[in-house]
Amino acid sequence: MRVQKTTLLAAIATSCIHSTSAFAPPRTISFGTRASIISSNDGSDVYCPPLSAAGPPVISNWRYESSKGIISGTVKNHPTIPDGDLITTSAVKNPGGINENLIVQTKSGSKYKLSTAAKGGVIPAVEAKRAKEKEAAEKAAEKKRLAEEKKRLAEEKKAAVEASKKAAAEAKKAPVAVAAASKKPAPQKAAPEATPKAAPKATPKATSSPQQIDPNALRKLAKSTFSLTGTTVGPNGKYLLAGKPRQSTGRAAKIWTAYLADPNIPDVPAKFDNGDASGVQQLTIKLSPDLERIQLENSNYNKVQAGLFSGRFVKKMEYIENVPSNKRDLDGTVSALVIETGQYDLKALLAARKGLPLRGRALRDAAVSAGQCIQAVHSSNLVWTDLKTENFIVVNNDNFNKEVEDTNGSMGLPGVKGIDLESVIGKGGNPIDYSPEACPPEFAKAYMGGYGEDFVLDYSYDMWSLGMMLYELSTGKAYFDKQSPSIVTNLLCADAFETDVSKVPDKNLRDLIGQCLSLEPRKRPDITGFLLHPFFLTTGFGPFSF
């Protein structure tokens, strides 16, 4: 049926008069592109939609509220709402596509064109693009770093073999200093300039004493054996840096391999006696120009290791503020945190196992260690906020290849310890950074809503992270495997998001992980409930017996 324009106009005008709104502001009648106001019989002004308005309503000066998925702003060209009035839409269908000058659709089917966003408002599409660009840059940098590291290791291995042969040859030619049985070790080291006549006289009488390599030859051997850079940090060159540093994820700090220097022979690791590396202890040093952050991490290590429960964190050896160094760019410009070194982290172990999850005792060892670290943090009234597989290392264990092939977990993982307390904040405080794979949905929504810095931290944050970590260990893959950080954050914000732990093979562990991954923070267990769960108690190995 066709309807003439004059008939349609009269019908709409009549309808509008009967649905009068006594509080509508008076406007001049116009049948152009703007909305119309028609006076009714009682003198009140009634709003009518524009007859020639094209396209969906336009929302300007808008803001997106991620926690509810809605958009609010000033509307124009709406069929029932006057121009300039405020409008709040129902939940948007595709939050990730929200951007200026685009049409969005709500879950109820309504369509709106978004004009300019409010100043300071979050534009999801722009944030997602920035996150993707940042992620791409980080991946490229990591790929480059890995390639350089592989090349460096190959070169160092080759150089080490050649240098070792050369140093051994030089050591045979070097003068031999032998200690007499009646003399103390100290005088030997205090007299490196002894005349050549002294050494030959004692040589035939000391066949049972080990020969000492010439200091210069020992330095060359140490440099090739430990990949020493020649850089020292600490008072009097206390620590020797080795290899190439690793960048602390998303931060200014650099992580170095290091060795305690021999106080009597500069540039040589302590206990590298006669070229024997078996007694040398490897350390890890974090050097950071961000004094506030490294002070916070040092304070956090002190708190958790001095608390009621010390947990299973790596041992902190020393903290040196504005550390001295023989390199000008480091001297006094960075601070150092010296900690115990691990052989590999759990993320690397899973990668080497190529999707094979942890099983049996190995899985329980890792789960208990993580639980006890959280127990130490929470008992100190702190929230970790960065619990993930990369932040758990295995110490005092050179059985990496055997662990990779241990399909049933019979070897266990008794050396699992936690690291990186840089992001630990007091309960009730606000986060200073976050890892998408470790953050719970309630924080992801706050972050996407633009108020992540004001999010109030509670212990339930870490319990979610603990569930995600155990899911990865027990299935061999992260919950959001191969998803970018921006996609992970958007998935956590989705109204339809629900956790699925059906791939966890162990029934009791599946129940425990399911509790930790509850979408309702108050329903997640506290750390005591976690450690007393049947997964630990029914295996014959209680959480405190490892």
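Starting from 1, each residue takes its place in the sequence as its number.
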Q: Do the side chain of Ser465 and the main chain of Tyr461 share a donor and acceptor less than 3.5 angstrom apart?
A: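 Side chain of Ser465 to backbone of Tyr461: a pair is present.
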Q: Tell me if a side-chain donor or acceptor on Asn430 pairs with a main-chain N or O of Phe455 at a distance below 3.5 Å.
A: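 Yes, because the side chain of Asn430 sits within donor-acceptor range (under 3.5 Å) of the backbone of Phe455.
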Q: Should Ser380 and Lys303 be marked as a side chain to side chain donor-acceptor pair (under 3.5 Å) after you check the CA-CA gap, both sets of side-chain angles, and the distance that decides it?
A: CA-CA 7 Å; Ser380 300; Lys303 288 177 182 177; over 6 Å; no
Q: Are side-chain heavy atoms of Ile487 and Phe480 found at a separation under 4.5 Å?
A: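 The answer is no, as the side chains (C-beta and beyond) never meet within the 4.5 Å cut-off.
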Q: Thr475 side chain to Tyr471 main-chain N or O, any donor-acceptor pair under 3.5 Å?
A: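 Yes, because the side chain of Thr475 sits within donor-acceptor range (under 3.5 Å) of the backbone of Tyr471.
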Q: Once salt bridge (charged side-chain N to carboxylate O under 4.0 Å, His left out) is applied, what residue pairs with a partner in residues 448-477 remain, sequence neighbours excluded?
A: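 Sorted pair list: Lys347-Glu472, Lys427-Asp458.
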Q: Run the salt-bridge test on Glu442 and Arg524 with the 4.0 Å N-O cut-off and return the result as yes or no.
A: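 Yes.
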Q: Between Ser335 (side chain) and Asn322 (backbone), is there a donor-acceptor pair under 3.5 Å?
A: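 Confirmed, Ser335 side chain pairs with Asn322 backbone.
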Q: Checking Glu340 against Lys316 for the salt bridge (Lys or Arg N to Asp or Glu O under 4.0 Å) test, could you report, in this order, the C-alpha distance in whole Å, the side-chain angles of both residues, the deciding distance, and whether it holds?
A: CA-CA 6 Å; Glu340 184 180 11; Lys316 189 201 78 172; over 6 Å; no
Q: What side-chain donor-acceptor pairs closer than 3.5 Å can you find for residues 285-294, not counting sequence neighbours?
A:
residue	atom	partner	partner atom	Å
Lys286	NZ	Glu297	OE1	2.8
Lys286	NZ	Glu297	OE2	3.4
Lys286	NZ	Glu422	OE1	3.1
Ser288	OG	Asp290	N	3.1
Asp290	OD1	Glu292	N	3.4
Asp290	OD1	Arg293	N	3.2
Arg293	NH2	Glu422	OE2	3.3
Arg293	NH2	Asp433	OD2	3.0

Q: Do side-chain atoms of Thr489 reach the backbone of Pro485 as a donor and acceptor pair under 3.5 angstrom?
A: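 Confirmed, Thr489 side chain pairs with Pro485 backbone.
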Q: If only side-chain N and O atoms count, and only distance matters, is there a donor-acceptor pair under 3.5 Å linking Thr528 with Asp526?
A: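 No.
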Q: Hey, does Ser325 have a side-chain heavy atom less than 4.5 Å from the side chain of Val334?
A: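 A side-chain contact under 4.5 Å is absent here.
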Q: Is the shortest distance from a Lys or Arg side-chain nitrogen in Arg353 or Glu405 to a carboxylate oxygen in the other one below 4.0 Å?
A: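 Salt bridge absent between Arg353 and Glu405.
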Q: Please determine if Asp273 and Lys271 form a salt bridge, counting it only when a charged side-chain N lies under 4.0 Å from a carboxylate O.
A: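 Looking at Asp273 and Lys271, the cut-off is not met.
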Q: Is there a donor-acceptor pair under 3.5 Å between the side chain of Asp406 and the backbone N or O of Met411?
A: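 Yes; judged by distance alone, with no hydrogens or angles, the pair exists.
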Q: How far apart are the C-alpha atoms of Phe443 and Tyr434, what are their side-chain angles, what is the distance that settles it, and do they pass the ring pair (Phe, Tyr, Trp, His ring centres under 6.0 Å) test?
A: CA-CA 9 Å; Phe443 172 78; Tyr434 85 109; 5.1 Å; yes
Q: Look at the side chain of Asn298 and the backbone N and O of Glu321, then say whether any donor-acceptor pair between them is shorter than 3.5 Å.
A: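 It does not hold such a pair.
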Q: Can you label the angle between the His378 ring and the Tyr459 ring as parallel, tilted or perpendicular, going by 30° and 60°?
A: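 It falls in the parallel class, under 30°.
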